[in-house]
2 protein chains.
Amino acid sequence: MSVQQVKLTDAEWQVMECLWAGDPMSGREVTQALEPKTGWSRSTILTLLSRLEAKGAVAGNSEGGKKLFSPLLGREDAALQETETFLDKVYHGSLSLMVSALTQRQALSPEEIRQLHQLLDGLEGGNRP
Amino acid sequence: MSVQQVKLTDAEWQVMECLWAGDPMSGREVTQALEPKTGWSRSTILTLLSRLEAKGAVAGNSEGGKKLFSPLLGREDAALQETETFLDKVYHGSLSLMVSALTQRQALSPEEIRQLHQLLDGLEGGNRP
DNA sequence: ATGCTGTGATTACAGATGTAGACAAAAAGG
DNA sequence: CCTTTTTGTCTACATCTGTAATCACAGCAT
């Protein structure tokens, strides 16, 4: 059932994003990877990694001195959870309400719309036995 | 251009939800409306209303002693902003990526899918000159 | 006038979050 | 071995959030 109900903060999410990209990483690697985007100091990253570890979202293996961190919480799981929370809060849990709002504001590129269409068509095909 | 970049917390969002529902409301009305769902005390609500006022998300008109609060930030605007932030953070800004993730996890009811379909079809019709 | 009552403002406080310095143990280099 | 560098843990602290008690004042009832 994967890791339950872990709430990631924005900063933590960035760190996770890193770990999801290149699995076992040392603190330094994460720091370097995030440096351009965030400019956070080593300490900051390490703190975040600790908190994530405490939350059970990442595991730290300190075999032979050095410690390597890997995500325990999968990106898919995290994304899904975040999505549900978001949809509930903003669109009463309804995806179509969300899409509707976006289209009404013309916040979707034709490209996005095309892709969505394809997606849904594919779905129908797959669902029909 | 409506109110810029106001970030609403979860608690604040609930209060706004209230104000969006029945526009000018007194603090007491908001409190009563939220009581069943949240159980928050009058003080809590008033604090939240103040913070929202400070952020420029609601306006408080104290004509003739009593004070009435109305939203300055529209629900549509708030939702759109929240949506963009969310999409960027979790799905690199791509709605179809989100929908794809949802379908892969079978997190969409057939009903939702049907509605989405309709929505998109309607869109195409409207877009074709 | 005088004391309740309903209402907003002020103050409070614990826990979460963003951000980082100081310190200690371990590794690497000479 | 002893110094320099690396790396992780602890501690720190300002701000933001959630939540509320208390205060002060305006209006109503007596």
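Order of the sequence lines sets the chain letters (A, B, ...), proteins ahead of strands, with each chain counted from 1. Model, not experiment: these values are computed from the prediction.
Listed by residue number, there are no residues of residues 24-34 of chain A with a heavy-atom contact under 4.0 Å to DNA chain C. Residues from residues 39-50 of chain B placing a heavy atom under 4.0 Å of any atom in DNA chain C, listed by number, are B:R42, B:L46.
Residue B:K67 places at least one side-chain N or O closer than 4.0 Å to OP1 or OP2 of C:dA9. Considering only side-chain N and O atoms, A:K7 lies nowhere under 4.0 angstrom from the phosphate OP1 or OP2 of C:dT17.
Atom CD1 of residue B:I45 and atom OG1 of residue B:T31 lie 4.5 Å apart, to the nearest 0.5 angstrom. From A:E82, atom CD reaches atom CZ of A:R75 across 10.0 Å, with rounding to the nearest 0.5 Å. Here B:R114 contributes atom CZ and A:L120 contributes atom CG; the two are 12.5 Å apart, rounded to the nearest 0.5 Å.
Put simply, the side chain of A:T9 reaches to within 4.5 Å of the side chain of A:K55, judged on heavy atoms. Under the 4.5 Å side-chain criterion, counting only non-hydrogen atoms from C-beta, B:T44 is not in contact with B:T38.
Residues B:W20 and B:A78 come closest through the heavy atom pair CH2-CB, 3.7 Å.
Nucleotide C:dT10 holds its C1' atom 12 Å from the CZ atom of B:R51, rounded to whole Å. Atom CG in B:N61 sits about 17 Å away from atom P in C:dT7, given to the nearest Å. Between the NZ atom of A:K55 and the P atom of C:dG18 there is a distance of 8 Å, given to the nearest Å. Computed from coordinates, the A:K89 NZ to D:dT17 P distance equals 10 Å when rounded to whole Å. Across the protein-nucleic acid pair, B:K66 atom NZ and C:dA9 atom P stand 13 Å apart, rounded to whole Å. The separation between A:D10 atom CG and D:dC16 atom P is 14 Å, rounded to whole Å. Going from atom CD of B:E12 over to atom P of D:dT19 covers 12 Å, rounded to whole Å.
Side-chain atoms of A:S100 and A:Y91 form no donor-acceptor pair, as typed in the model, at a separation below 3.5 Å.
Ion pair A:E84/B:R105 not flagged as a salt bridge, since none of the NZ, NE, NH1 or NH2 atoms sits closer than 4.0 Å to an Asp/Glu carboxylate oxygen. Taking a cutoff of 4.0 Å between a charged side-chain nitrogen and a carboxylate oxygen, B:K37 and B:E17 do not qualify as a salt bridge.
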